[in-house]
Novice: 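Please find one structure pasted underneath; my questions will follow.
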Amino acid sequence: MEQVKKQRILSGIQPSGTPTLGNYIGAMRNWKLLEDEYDCLYMIADLHAITVRQEPAKLRQQSMQLLALLLAIGLDPQKNVLFFQSHVPQHSQMAWLLNCYTYMGEMSRMTQFKDKSAKHADNINCGLFTYPILMAGDILLYQANLVPVGKDQTQHLEICRDIATRVNGLYSNVFTIPEGYYPKVGARVMSLQDPTRKMSKSDPDDCFISILDTPDTIRRKYRRAVTDSDGEIRFDPENKPGVSNLLSILCALTGQTIDELTASFAGKGYGELKAAVTDATIETLAPIQERFNQYMGDKAYLETVYRDGAARASHLAERTLQKLMKKIGYVQK
Ligand code: TRP
């Protein structure tokens, strides 16, 4: 039987801090489910990371930790291509080329640039401004069909499509136009202290659960999580955002429905709900943390994974880069 070519997926994750339970539930754990059906590349976006200042030792450590975490959540490094963006020079090369096909006006409309430049007013560098162009190159280099991204990245994906369409219009048939990939089930996990906002690793420590938090820390953070004073366990994100957030985390972790859960908590108090979420979180994260520690203890293995990943990624990226360079009119090497 003729083999149907699998669709290609690319996603990137920045090595800035440890991913949260929200990143895990909303994004990372879905990646494992895609590895048989799609041709997947997952990139540690370390070039993007330096758009804000990074401490060198920390950047290196967090990058390695992220690779170990991708393996710890079960991604098979044979089936998926796992690599560091900085190890594949075509990303920087492509970013320059695409810079020249992107308008200042387009970039100025990016809301994340506006947010980030307000937050880092002392370091509004050009990289922060052109960040979406680097990201567009990440996606287009691999001719990705689908890009799993969170809501905060949809504008960047849109600009990527615009740039690709423009280049295709000028030179015909260079890039695959990518689409967003939004998992069917994916709870949005909110901050434990301000449950009207998304859980974020850049907020104060007690707002989020990190994938690497110890059981004691997890217990403490949930104990302090904001609820409300009416005492009833009911799913109502608008009026009861804290309780609803705990319910949807529990749903996501146990696979039960909201209705099943609310029925099982009838007549019970918030303490019991918090205890159940705590147990489910510890149970989910413990095996991941155990595997994470094993991988972190085996640097030689991590090295083989990222070297192999970079070689495979680079091979694919080079084909697209050469194709574009030829179309632009460069003398071929
Ligand atoms: N900008 C993305 C983020 O901060 C990370 C990223 C970089 C990315 N390159 C990408 C995501 C390509 C998807 C595709 O979350």
Side-chain angles (χ1 to χ4, degrees), residues 10-24 26-28 41-73 81-96 98-99 107 110-139 141 149-150 152-153 155-156 160 191 198-213 292-293 295-296 299 302-303 305-307 309-310 313-314 317:
L10 175 122
S11 199
I13 179 164
Q14 288 203 51
S16 47
T18 311
T20 67
L21 183 67
N23 300 131
Y24 177 69
M28 295 168 76
L41 297 109
Y42 296 108
M43 176 189 81
I44 295 168
D46 52 2
L47 296 178
H48 278 96
I50 65 163
T51 53
V52 301
R53 287 282 174 266
Q54 301 288 339
E55 209 183 292
K58 232 169 130 190
L59 176 62
R60 195 171 295 121
Q61 193 202 19
Q62 287 174 351
S63 301
M64 274 302 227
Q65 286 189 338
L66 200 46
L67 179 69
L69 259 182
L70 293 181
L71 295 167
I73 61 170
V81 182
L82 309 179
F83 66 104
F84 292 116
Q85 187 183 25
S86 63
H87 288 186
V88 180
Q90 288 85 357
H91 288 266
S92 307
Q93 294 172 278
M94 186 57 113
W96 171 255
L98 297 182
N99 253 286
M107 286 295 97
M110 298 289 108
T111 55
Q112 195 177 73
F113 171 71
K114 293 183 199 168
D115 293 348
K116 283 201 180 176
S117 51
K119 217 163 146 188
H120 304 276
D122 56 337
N123 179 24
I124 307 177
N125 61 70
C126 294
L128 196 62
F129 188 65
T130 58
Y131 174 118
I133 305 178
L134 179 63
M135 178 165 159
D138 297 338
I139 298 165
L141 273 175
V149 280
D152 60 326
Q153 298 295 323
Q155 203 183 21
H156 293 163
C160 169
S191 161
K198 196 179 136 186
M199 180 179 278
S200 163
K201 59 191 167 197
S202 45
D203 284 341
D205 202 51
D206 54 351
C207 295
F208 63 88
I209 306 279
S210 143
I211 297 194
L212 298 178
D213 275 347
F292 169 80
N293 289 327
Y295 287 122
M296 284 306 282
K299 290 278 148 55
L302 291 179
E303 218 172 275
V305 170
Y306 70 67
R307 289 208 174 129
S314 175

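These numbers were taken from a predicted model, which means no experiment stands behind them. Any value given below was found using the heavy atoms of this structure, including those in side chains, with hydrogens, waters and symmetry copies removed.
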Novice: Of all heavy-atom pairs between Ile50 and Leu59, which one has the smallest distance, and what is that distance?
Specialist: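 So the minimum-distance heavy-atom pair works out to CG2-CD2, 4.2 Å.
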
Novice: Could you pull out the closest heavy-atom pair between Lys119 and Ser202, with the gap in Å?
Specialist: NZ-OG, 3.9 Å

Novice: Does the side chain of Leu66 reach to within under 4.5 Å of the side chain of Ser63, using non-hydrogen atoms?
Specialist: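 Of all side-chain heavy-atom pairs linking Ser63 with Leu66, none is under 4.5 Å.
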
Novice: Any non-hydrogen side-chain atom of His87 less than 4.5 Å from a side-chain atom of Arg307?
Specialist: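 Of all side-chain heavy-atom pairs linking Arg307 with His87, none is under 4.5 Å.
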
Novice: How close do Ser16 and Gln54 get, counting heavy atoms only, and between which atoms?
Specialist: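 Scanning both residues completely, I find the closest heavy atoms to be CB-NE2, 4.5 Å.
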
Novice: With a cut-off of 6.0 Å (strictly less than), are more than 12 heavy atoms of other residues, nucleotides or ligands near CD1 of Ile124?
Specialist: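 Result for CD1/Ile124: enclosed.
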
Novice: Could you grab the distance from atom CZ of Phe113 to atom OG1 of Thr130, nearest 0.5 Å is fine?
Specialist: 9.5 Å

Novice: Please state whether the rings of His156 and Tyr131 are parallel, tilted or perpendicular, taking 30° and 60° as the class boundaries.
Specialist: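 Tilted, since the angle between the ring planes falls between 30° and 60°.
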
Novice: Can you tell me how far apart CG (Leu141) and CG (Leu98) are? Round to the nearest 0.5 Å.
Specialist: 8.0 Å

Novice: Can you see which heavy atom on Pro132 is nearest to which on Met110, and at what distance?
Specialist: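 In terms of heavy atoms, the two residues are closest at CG-CG, 3.9 Å.
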
Novice: Write down the atom of Val88, the atom of Ala317, and the distance for their closest heavy-atom approach.
Specialist: CG1-CB, 4.2 Å

Novice: Can you measure from SG (Cys160) to CD1 (Ile133) and round to the nearest 0.5 angstrom?
Specialist: 11.0 Å

Novice: Taking C-beta and beyond as the side chain, do Met64 and Lys299 meet within less than 4.5 Å on heavy atoms?
Specialist: yes

Novice: Test Leu69 against every option in Tyr24, Phe292, Tyr295 by the side chain to side chain contact (heavy atoms under 4.5 Å, CB included) rule and name the one that passes.
Specialist: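 Exactly one option meets the side chain to side chain contact (heavy atoms under 4.5 Å, CB included) with Leu69, and it is Phe292.
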
Novice: For Asn125 and Val52, indicate whether the former's side chain and the latter's backbone hold a donor-acceptor pair under 3.5 Å.
Specialist: no

Novice: Are Leu70 and Ile44 close enough that some pair of their side-chain heavy atoms sits under 4.5 Å apart?
Specialist: yes

Novice: Check each of Lys201, Met28, Gln65 against Ile211 using the side chain to side chain contact (heavy atoms under 4.5 Å, CB included) test, and report the only one that passes.
Specialist: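 When side chain to side chain contact (heavy atoms under 4.5 Å, CB included) is applied between Ile211 and each of Lys201, Met28, Gln65, only Met28 qualifies.
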
Novice: Side chains of His48 and Met135: does their closest heavy-atom pair fall under 4.5 Å?
Specialist: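 Yes. Closest side-chain heavy atoms under 4.5 Å.
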
Novice: Can you tell me how far OG1 of Thr18 sits from CD1 of Ile209, rounded to the nearest 0.5 angstrom?
Specialist: 13.0 Å

Novice: Between Leu302 and Leu71, is any pair of side-chain heavy atoms under 4.5 Å apart?
Specialist: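 The answer is yes, as the side chains (C-beta and beyond) meet within the 4.5 Å cut-off.
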
Novice: Pro15 and Gln62: which non-hydrogen atoms are nearest, and at how many Å?
Specialist: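 Scanning both residues completely, I find the closest heavy atoms to be O-OE1, 2.9 Å.
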
Novice: Would you compute the distance between atom CG of Asp46 and atom CD of Gln14 and round it to the nearest 0.5 angstrom?
Specialist: 9.5 Å

Novice: For the atom pair OG1 (Thr111) and NZ (Lys116), what is the distance rounded to the nearest 0.5 Å?
Specialist: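 Thr111 OG1 to Lys116 NZ: 11.0 Å, rounded to 0.5 Å.
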
